[in-house]
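Labels below follow one simple rule: chain letters A, B, ... track the order of the sequence lines, proteins then strands, and each chain is numbered from 1. The structure presented is a predicted model; accordingly, all values stated were derived computationally and were not measured.
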Number of protein chains: 2
Amino acid sequence: MLSQTAEYALRTVLYLAARQGDELHRVSEIAEDLDIPQNYLSKTLHLLARAGVLTSSRGKHGGFRLSKPPSKITLAEVVAPFDGPTGARICLLGRVACSDKDPCPAHGRWKSVSNEVSTFFRETKVSDLLESPVARVKRA
Amino acid sequence: MLSQTAEYALRTVLYLAARQGDELHRVSEIAEDLDIPQNYLSKTLHLLARAGVLTSSRGKHGGFRLSKPPSKITLAEVVAPFDGPTGARICLLGRVACSDKDPCPAHGRWKSVSNEVSTFFRETKVSDLLESPVARVKRA
DNA sequence: GATAAACATCATACGACGATGATAATTTAA
DNA sequence: TTAAATTATCATCGTCGTATGATGTTTATC
């Protein structure tokens, strides 16, 4: 469903949100805890910072943190820089013009499903996923 | 949502279903009508035949046709050889073990959305998409 | 300043997907 | 039996996502 990169981004944002202070977290720390390739994550987080989701600090004692509270960050925001507008490409058959007025054969039935997906990403906040009992898992 | 190849497969199946006789249709004809690269479509349809969705005949006057009536073919069947079990990879965060008993942070909220997607592919029949646009959709 | 720690960036590589072109294999029909 | 039409298959290619390693740039501390 999500690209590998978007999944890395989302997992990192949840990781930071669960440690909610304003402290900076090093890429090396995040990469190790979440088992993600460090250099690749570095590039990914840089893009997330450019997108306004994270704030980065360079130099010794640098790192990344959320740029705003988890209740103000939607999943769509986190994922968009990598996967584009998730679920927004409505037409299942790839037609460029596919609308209620000019529908493809799948339009009527697919539309409602597609809408639910995009609504999920657009309306779910990072904070909504924190209440979960098992937010933090350290892997072996 | 679907890979390009899966989309080709689905469009071809709908094309054949709309011309529902038992007549064979040449790849060259389908490729031109649907604007799909011919050689690539050839490989794709071959796989669809191996999957039991189509029947192929070689030689002069050969071609492809559906191997069973459109009401017996689900979208999941058409798409599976290319995209795998659609929507079945439930965990949004890519965890291999993610279940009701051992849920990731997104599990609770993502599960219902994910289920709707996979249900759509599993239960929608090719024939459901033939009764053109805006037929009644029974969803609540 | 000098050094070390951290993010930023560059170059490269690998595989999968999408695509193209050529050739083989099969069947029909003259 | 030969020719033509058609699917089946093979070889190759370009692009993109993912990943690795090395190098640059910034900052804190001594």
Rounded to whole Å, how long is the line connecting atom NE2 of B/H46 with atom C1' of C/dG18? 18 Å
In whole angstroms, the gap separating P of D/dT7 from CZ of B/R50 amounts to 17 Å
Using salt bridge (charged side-chain N to carboxylate O under 4.0 Å, His left out) as the criterion, list what pairs up with A/R65, not counting sequence neighbours. none
Taking the side chain as every heavy atom from C-beta outward, state whether B/C104 and B/L93 have any atom pair closer than 4.5 Å. yes
Listed by chain and number, what are the side-chain hydrogen bond (donor to acceptor under 3.5 Å, both in side chains) partners of B/S3, not counting sequence neighbours? B/D83
Respond yes when some side-chain nitrogen or oxygen of B/S56 is under 4.0 Å from OP1 or OP2 of D/dA8, and no when none is. yes
Going through the distances and angles, do B/Y15 and B/E29 end up as a side-chain hydrogen bond (donor to acceptor under 3.5 Å, both in side chains)? CA-CA 11 Å; B/Y15 176 94; B/E29 170 205 334; 2.7 Å; yes
My understanding is that only residues two or more places apart in sequence, or in another chain, count here; which of them pass ring pair (Phe, Tyr, Trp, His ring centres under 6.0 Å) with A/F120? B/W110
B/F82 has an atom CZ; how far is it from atom C1' of C/dA16, in whole Å? 15 Å
Show every salt bridge (charged side-chain N to carboxylate O under 4.0 Å, His left out) that has at least one partner inside residues 8-28 of chain B, sequence neighbours left out. B/E7-B/R11
What residues form a salt bridge (charged side-chain N to carboxylate O under 4.0 Å, His left out) with B/D35, not counting sequence neighbours? none
Hey, could you give me each pair passing ring pair (Phe, Tyr, Trp, His ring centres under 6.0 Å) that has a residue in residues 58-80 of chain A? Not counting sequence neighbours. none
Going 5' to 3' through nucleotides 24-30 of chain C, assign each nucleotide B (protein heavy atom under 4.0 Å from a base atom), S (under 4.0 Å only from sugar-phosphate atoms) or - (no protein heavy atom that close). -BBBBS-
In whole angstroms, how far is the C1' atom of C/dG18 from the CG atom of B/D35? 15 Å
Between NE2 of B/H25 and P of D/dT7 the distance, given in whole Å, is 12 Å
Rounded distance in Å - CG (B/L45) to C1' (C/dA19): 15 Å
Using whole Å, report how far CD1 of B/I36 lies from P of C/dT20. 12 Å
Between C1' of C/dA8 and CG of A/L41, the distance in whole Å: 13 Å
For B/E77, all residues meeting salt bridge (charged side-chain N to carboxylate O under 4.0 Å, His left out), sequence neighbours excluded: B/K68
Salt bridge (charged side-chain N to carboxylate O under 4.0 Å, His left out) partners of residues 43-54 of chain B, not counting sequence neighbours, each pair once: none
What protein N or O atoms touch nucleotides 20-22 of chain D N or O atoms at under 3.5 angstrom, if any, and at what distances?
unit_1, atom_1, unit_2, atom_2, d
D/dG21, N7, A/N39, ND2, 2.6

Below 4.0 angstrom, which residues in residues 4-15 of chain B have at least one non-hydrogen atom near DNA chain D? none
Side chain to side chain contact (heavy atoms under 4.5 Å, CB included) partners of B/A76, counting only residues at least two apart: B/T74, B/F121
